[in-house]
Amino acid sequence: MASRQSAAELIILLRSAETQPRKIKLKQPIVIAIDGTSASGKSTNSKLVSKALGFVYVDTGAMYRTLGWYCLQKHVDIHDDKAVAVACRKWKTSLECIETKSHLRAVHLLVDGYYPDKEIRTAEVSAATSLIAAIPKVRDWMKKKQRECIQFGDLVMEGRDIGTNVFPETDYKFYLDAHLDERTKRRTADGVNENLAARDQRDSQRASAPLMIALGAKVINNSHMSSEQTSGLILAEIQKRLAEGRG
Ligand code: DC
């Protein structure tokens, strides 16, 4: 017969079975927070770090983009904060952890069971996303969802406010940046033409969780660095902080 015991009863049982009281430390999943400006190499480097460590990759920009895309699809006025907040409260979403062909484990936010992988990468969706990402109710919703990703284990999470707002308690914070010319070149090479300066300005100047360097973050300007060098630097810093016994 299954018996139900209170926490206090369990502690008494544990104590009576041992001569010495035991300290049980439950291991918390580790979160590596990688924030930074648009096209600063967050995605490429976060994926490389995820693979090297075997951690699950979370692209929080994709979550905001999915809402931006959804609003455009459903003709929700992206300039009407209330309408967007209502859509965000009501849309039907789920989180899933998938393994890609290149053996990257990644979290996707599905809407109505669908992940709009390609659709969210257009310049139109980028511009809409930057607007809806400034709405406090949207940011509250996203923060809650992003914290739920811990259910999948150790994470490498990229975004704009991961170290400052979503997981401020983590000891593994990074901030990537590169000169505007270099970042524009990278986006053009990806076939996307967009005004990065305007988007950076909106992302850094919004009142709610703006893009900024988290306290204790390692800042890396990778204008003249390859992704191997950038991810190598991140991994070395993680190793150093782990050795220091942080986290
Ligand atoms: O990283 P990205 O370019 O895919 O992000 C798309 C937009 O979402 C960008 O304008 C900033 C916003 N964003 C945010 O405000 N907070 C995050 N954690 C991630 C993205």
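Here the structure is a predicted model, which is why all the values come from computation and not from measurement. Every number for a ligand or one of its atoms is a count from 1 in the order of the listing.
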Chemist: Among all protein heavy atoms in this structure, tell me which lies nearest to atom 1 (O) of ligand 1, with the distance rounded to 0.1 Å.
Modeler: Arg160 NH1, 2.8 Å

Chemist: Kindly confirm or rule out an N or O of Ser126 lying under 3.5 angstrom from an N or O of ligand 1.
Modeler: no

Chemist: Consider every N or O of Arg139 and every N or O of ligand 1, then say whether any pair is closer than 3.5 Å.
Modeler: yes

Chemist: Strictly under 4.0 Å, does any heavy atom of Arg202 approach an atom of ligand 1?
Modeler: no

Chemist: Can you tell me the protein heavy atom closest to atom 4 (O) of ligand 1 and the distance?
Modeler: Arg65 NE, 2.7 Å

Chemist: With respect to atom 7 (C) of ligand 1, which of Thr60, Val58, Thr129, Asp161 exhibits the smallest heavy-atom separation?
Modeler: Thr129

Chemist: Atom 10 (O) of ligand 1: which protein heavy atom is closest, and how many Å away?
Modeler: Arg199 NH1, 3.0 Å

Chemist: With a cut-off of 4.0 Å, which atoms of ligand 1 are near a heavy atom of Ala133?
Modeler: 12 (C), 15 (O)

Chemist: Out of all atoms in ligand 1, which are within 4.0 Å of some heavy atom of Ser130? Include the element for each.
Modeler: 10 (O)

Chemist: Counting only N and O atoms by type, is there a donor-acceptor contact under 3.5 Å from the side chain of Lys173 to the main-chain atoms of Lys218?
Modeler: no

Chemist: Restricting to side-chain contact (heavy atoms from CB on, under 4.5 Å), what partner residues turn up for Asn195, sequence neighbours left out?
Modeler: Ala197, Ala198

Chemist: Counting only nitrogen or oxygen atoms and a 3.5 angstrom limit, does Asp203 reach ligand 1?
Modeler: yes

Chemist: For residues 205-215, please give each side-chain donor-acceptor pair under 3.5 Å, one per line with the distance, not counting sequence neighbours.
Modeler:
residue : atom : partner : partner atom : Å
Arg206  : NE   : Ser208  : O            : 3.0
Arg206  : NE   : Ala209  : O            : 3.1
Arg206  : NH2  : Ala209  : O            : 2.9

Chemist: Is there a polar contact between ligand 1 and Tyr64, counting only N or O atoms under 3.5 Å apart?
Modeler: no

Chemist: Between Thr122 (side chain) and Val125 (backbone), is there a donor-acceptor pair under 3.5 Å?
Modeler: yes

Chemist: Sort out for me which residue in Trp69, Tyr114, Trp141 forms a ring pair (Phe, Tyr, Trp, His ring centres under 6.0 Å) with Trp91.
Modeler: Trp141

Chemist: Look only at the side chain of Thr170 and the backbone of Phe167, and say whether a donor-acceptor pair between them is shorter than 3.5 Å.
Modeler: no

Chemist: Just jot down the ligand 1 atoms closer than 4.0 angstrom to any heavy atom of Arg206, in number order.
Modeler: 14 (C), 15 (O)

Chemist: Between the side chain of Thr230 and the main-chain N/O of Asn222, is any donor-acceptor distance below 3.5 Å?
Modeler: no

Chemist: Decide whether an N or O pair under 3.5 Å exists between Glu158 and ligand 1.
Modeler: no

Chemist: Does any donor atom in the side chain of Thr60 or Glu158 lie under 3.5 Å from an acceptor atom in the other side chain?
Modeler: no

Chemist: Donor-acceptor pair, Gln151 side chain versus Glu148 backbone, under 3.5 Å?
Modeler: yes

Chemist: Looking only at protein heavy atoms, which one is nearest to atom 20 (C) of ligand 1, and how far off is it?
Modeler: Gly61 CA, 3.6 Å

